[in-house]
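Counting convention: from 1, in listed order, for ligands and their atoms alike. Only this structure's heavy atoms are used, side chains among them; waters, hydrogens and symmetry mates stay out.
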Amino acid sequence: MGSEARQGVIDRYREWLPVGDRTPRVDLQEGSTPLVRSRNIGPALGLSALYFKYEGLNPTGSFKDRGMVVAVAKAIEEGAQVLVCASTGNTSASAAAYAASQGMRAIVIIPAGQISLNKLSQALVYGAKVVQIPGNFDAALATVRDLAEHYPVALVNSVNPYRIQGQKTAAFEIVDALGDAPDYLILPVGNAGNITAYWKGFKEYHAAGRSTVLPRLVGAQAEGAAPIVKGAPVAEPKTVASAIKIGNPASWENATLARDESGGLIDAVSDTEILQAQLQLAAAEGLFAEPASCAPLALLVRLVREGRIERDSTSVIVLTGNGLKDPDAALGNVEPPVTIDGDARALAKVLKL
Ligand code: AN7
C-alpha cells in the first residue's frame, strides 16, 4: 500500500459536496476511475486527443456509484432505513451494494424481463428485495415516486438531488486529469441525470477557476428510445442498449438546458451502430463497455466524419458501464470458441501457426 489510502468520492471532493460532520462515512472507494487515452480509434479518425472515462471500473461496475454513495450517506443522515429505486439495472446494483455496506434494506423495482441477468444477479446477491413490474422503466419510476411520497422510504433514483451532486465529481476528475475541461464530453442519455450532473460539475469547477473553458456536451440516445431527440415521449422504447431504454426521462429539461447552455447537441444512433462501436472499442482499445456506453462512440464517429467535431479538438467519451454487465448482444457478433480434442500439433493446425 502507498502512504495514502484511496479515497471514495465523498472524501476526495468533500468541500464540493453537501456533506458535513453528521454525514456518515459511506465509502466503497468509488470514483477515481481511469481516463484512458485512445491509442487507435482517435488516431484512425484523425483526432488529436480522444479519451475514455472508464466508469465501468467503479465498485459495482457503473458510474451510478458516484451518486449513490452521496444519496445513501444523506439518506442515513436524514434518518432513513429503507432505500428504494426503479432501475434498468445499474442503479439497482449500486443501491443494493451501498445498502448492504450500511446494513440497510434496499428495494428495487425493475421492468419485468428487461434487465440483464448480470445486473439482476448483482442486486440479488447484494441482498436487495427485487420486485418486477410489467411495463418499462418509466412505469417503474412512476411507481417508486408514488411509494416514496406515501411511505417512509428514501428514493435514490437520479431525481434525488444528492445523486446529481455525487455524479458531478466525474467532471471534476476529468478536469483534474487533463488540467482543463475538454472541448467535447460525449455520453449516453437515458433518464438524463448524468448529463445534468456533468454540466453542473463543469460549471462549478469553471466558476472556481479550475478550468479555463467549458465543454460542449454531446448526448447519445438510441434511435428506438430517443424522446429528447424527437421532442416527445416514446411510449414503447426499444433498443438493445437496455440501460437507456427510457421513453420519458425524469431530467429531460435539465438535459436540454445542458445541451443548449453548452452549445452541444443530443442525437440518436441505431442499435447496429451501437453494437459495431462496442466491438470496435473492445478490439481496438482493449476496453469493454456495455451497449449503452458505446452509443457515444457511435455518435462521435459520425460527427467527426461530418466535420461537426474538429480534428484538433479534445474529446472525452464516458464509458458509463462495464461490458461484463450485459455481454449477450456482443456475443452474438463474435466468433464462438473453437473446441478441439488433440495435442499441440492439432492446436497449431487449427490456429494456422
Ligand atoms: C450504463 O440503472 O437508468 O441519463 O436505472 O446504466 O443518467 O439515466 C441507468 C442509466 C447510461 C443513462 N449508461 O444515464 C438505471 C439507469 C448506463 C446506464 C445510463 C444508464 P442517465
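Remark: ligand 1 and Gln167 share no N or O pair separated by less than 3.5 Å (distance only, no angle test). Note: an N/O pair closer than 3.5 Å links Thr320 and ligand 1 by distance alone. For ligand 1, the polar-atom distance check finds no N/O of Ser293 at less than 3.5 Å from any of the ligand's N/O atoms. For ligand 1, none of its N or O atoms has an N or O atom of Ile244 under 3.5 Å away. Taking any N or O of Thr91, backbone or side chain, at least one lies under 3.5 Å from an N or O belonging to ligand 1.
The distance from ligand 1 to the heavy atoms of Ser87 drops below 4.0 Å at these ligand atoms: 2 (O), 5 (O), 15 (C). Every atom of ligand 1 is numbered from 1 in the order shown, and the set under 4.0 Å from a heavy atom of Glu290 is 1 (C). Ligand 1 places these atoms under 4.0 Å from at least one heavy atom of Val189: 4 (O).
For residues 213-233, the set of pairs meeting the side-chain hydrogen bond (donor to acceptor under 3.5 Å, both in side chains) definition, not counting sequence neighbours, is empty.
Residue contacts with ligand 1 for Lys325 are absent, since no atom lies close enough (heavy atoms, distance under 4.0 Å).
For the side chain to side chain contact (heavy atoms under 4.5 Å, CB included) test with Lys74, the passing option among Val156, Val69, Thr23 is Thr23; the others fail.
Salt bridge status for Lys168 with Glu204: present, with a side-chain N to carboxylate O gap under 4.0 Å.
The closest approach between Ala192 and ligand 1 falls below 4.0 Å for a heavy atom of the residue. Ligand 1 lies less than 4.0 angstrom from a heavy atom belonging to Gly89.
Phe52 and Ile186 fall within the same hydrophobic cluster, defined by Ile, Leu, Val, Met, Phe, Trp and Tyr side-chain heavy atoms under 4.5 Å apart, directly or through other members.
Without hydrogens or angle criteria, Ser251 side chain to Asn254 main chain gives no donor-acceptor distance under 3.5 Å. The backbone N or O of Lys325 lies less than 3.5 Å from a partner atom in the side chain of Ser116, making a donor-acceptor pair. Side chain of Gln167 to backbone of Phe63: no donor-acceptor contact under 3.5 angstrom is found.
Across Asn191, Ile195, Thr88, heavy-atom proximity to atom 8 (O) of ligand 1 is greatest for Asn191.
Within 6.0 Å of the CD atom in Glu335, the count of heavy atoms belonging to other residues, nucleotides or ligands does not exceed 12.
In this structure, the side chains of Asn322 and Ser62 stay at 4.5 Å or more apart for every pair of heavy atoms.
Taking atom 10 (C) of ligand 1 as the reference point, the nearest protein heavy-atom neighbour is Lys64 NZ, 3.0 Å.
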